[in-house]
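Inspection log for the structure reproduced underneath, given as structure tokens.
In what follows, chains carry the letters A, B, and so on, assigned in the order in which the sequence lines appear, proteins first and then strands, with residues in each chain numbered from 1.
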2 protein chains.
Amino acid sequence: MRPKNLEKEQAIRTIALQIIAEEGLENLTMQKLAKAANISPRTIYIKYENKEDLLIKLFIEEVLGAYEKAVLENFDPNADFAEGVKKLWLNGFHYLKNNRHAFALIQYGKSSPLLNKAYQEKNIKEGDFFAPIHQFLEYNIAAGVIKDFPHEVLRALLFSPIIELVNEYFDYMDRPKQIITEEILLACCEVVTKGILK
Amino acid sequence: MRPKNLEKEQAIRTIALQIIAEEGLENLTMQKLAKAANISPRTIYIKYENKEDLLIKLFIEEVLGAYEKAVLENFDPNADFAEGVKKLWLNGFHYLKNNRHAFALIQYGKSSPLLNKAYQEKNIKEGDFFAPIHQFLEYNIAAGVIKDFPHEVLRALLFSPIIELVNEYFDYMDRPKQIITEEILLACCEVVTKGILK
DNA sequence: TTTATAAGTAAATAAACATTTACTTATATT
DNA sequence: AATATAAGTAAATGTTTATTTACTTATAAA
């Protein structure tokens, strides 16, 4: 039996992300993707059931999976609160800054009903992305270190500025603006940390 | 001469927003829109040059224009800093909570290259949305009330949690979850305010 | 080496798409 | 009341779309 060519599978995913980032999800077509990846449209259907299946797997596995891994790299849920938040901030910011195509699809994950639904269902069925962060927050609430808000609220206060700052890092022609220096990033991290300390 | 029917124009916009919120921007078609609005496809082209023109005007005029107006309602750039931030938070949160369809397109504005580019170009050519907020920040930096960060950074720290909290307000089946009470909202607003006070 | 089989291709298909054509209608002006 | 004209409609246009059909190819196992 002829074996699957894994390079082709990776090419499909990489180039799909590129098209989505550059032209938008609404302009990704199977034929455009096949042509750009130098394969036949039929090949995509060997690896994915249909277009929706491709988009969902791209989002959940390729993008969110890698993002979660990068954010949690060397993160210790039992570390000091400020240290933990700092690690998560730096990991998250640098990953998104260096993976602009993944960042674009993450943004679509908040807009597109298809992707948004897939994300919610995955979290319900297979357990939350970022579970160690929940554990981290839980412990610090119980220990009286931080304010006792619902986790969703804590996560909004602690982490939502990161996405905005990454957005700010690039201007609309995708050239780096360099407003967001390491110094500013760390200062922002301190601001959000202080805000929810008791 | 037969006059333009403004109700039809409004129907196009309202129903376009509804389809985008419910099925996604990538599933909005001119024929679907015409059918849902009970008009001929040709009628859309009397009012808009083409699909891109429709989307951009929907986003910039209908959605961002109304959002800006709602956020700035009764906002005084010369008010006390904490008071000003509170007003902006409550205005923003309540508008988005009560205008779910507009909220969906605002999210797409951060994903879609078409909408994102239109937004940036509008801000450059015709002056920023939310200019009074810039004035407000400028004054409070100069007065030494808040930290001297770039405006983009201040806005990320002060306002980006709002969008996340509105998202949290609805679950993925669009039923209100009611986690975000008025009490929590005000507490969050205080947290972000304190964080950037000097 | 042969062979079975899934991987892969090029081209086709039917449906859906944005936009236009050819026509009808409503009304402000005359 | 007649008429000029833009607003509006229904149906058609040519193109693009997701997906499939009919075929070829590479290789693991025999």
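- Axis angle across the helix from dT1(C)-dA30(D) to dT30(C)-dA1(D), with five pairs used at each end and values rounded to 10°: 10°.
- The separation between Lys32(A) atom NZ and dT19(D) atom P is 16 Å, rounded to whole Å.
- In the hydrophobic cluster analysis, where Ile, Leu, Val, Met, Phe, Trp and Tyr join through side-chain heavy atoms closer than 4.5 angstrom, Leu90(A) is grouped together with Ile133(A).
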Under 3.5 Å, which protein N or O atoms sit close to an N or O of nucleotides 9-11 of chain C? Give each pair with its distance.
from: dT9(C); atom 1: OP2; to: Ser40(A); atom 2: N; distance (Å): 3.2
from: dT9(C); atom 1: OP2; to: Thr43(A); atom 2: OG1; distance (Å): 2.2
from: dA10(C); atom 1: N7; to: Ser40(A); atom 2: OG; distance (Å): 3.2

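- Contacts of Leu28(A) with the nucleic acid, taken as non-hydrogen atoms under 4.0 Å apart, involve only primed sugar atoms and P, OP1 or OP2.
- Side-chain rings of Phe129(A) and Tyr67(A) stay apart, their centers remaining 6.0 Å or farther from each other.
- For the pair Tyr45(B) OH and dA22(C) P, the computed distance is 18 Å after rounding to whole Å.
- Atoms CG (Asn27(B)) and P (dA18(C)) sit 11 Å apart, rounded to a whole Å.
- The distance from atom CD of Glu52(B) to atom C1' of dC17(C) is 14 Å, rounded to the nearest whole Å.
- Centroid-to-centroid, the aromatic rings of Phe103(B) and Tyr95(B) stay 6.0 Å apart or farther.
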Where do Tyr169(A) and Arg100(A) land on the side-chain hydrogen bond (donor to acceptor under 3.5 Å, both in side chains) test, with the steps shown first?
CA-CA 11 Å; Tyr169(A) 182 82; Arg100(A) 218 134 41 84; over 6 Å; no
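- The closest side-chain donor-acceptor pair between His151(A) and Glu168(B), if any, does not fall under 3.5 angstrom.
- Between the P atom of dA15(C) and the NZ atom of Lys51(A) lies a distance of 19 Å, rounded to the nearest Å.
- Separating the CD atom of Gln31(B) from the P atom of dA12(D) is a distance of 13 Å, rounded to the nearest angstrom.
- A close approach under 4.0 Å does occur between a side-chain nitrogen or oxygen of Lys47(A) and OP1 or OP2 of dG8(C).
- In this structure, Lys35(B) atom NZ and dG8(D) atom C1' are separated by 19 Å, rounded to whole Å.
- Rounding to whole angstrom units, CD1 of residue Ile44(B) and C1' of dT19(C) are separated by 11 Å.
- Set against dT20(D), dT20(C), dC17(C), the side chain of Thr29(B) has dC17(C) as its closest nucleotide.
- The number of heavy atoms from other shown groups lying within 6.0 Å of CZ (Phe75(B)) is above 12.
- Within a 6.0 Å sphere centred on NZ of Lys4(A), other residues, nucleotides and ligands contribute more than 12 heavy atoms.
- Relative ring orientation between Phe136(A) and Phe81(A) is described as parallel, the plane-to-plane angle staying below 30° on a 0-90° scale split at 30° and 60°.
- Within a 6.0 Å radius of CD in Glu61(B), more than 12 heavy atoms belonging to other residues, nucleotides or ligands are found.
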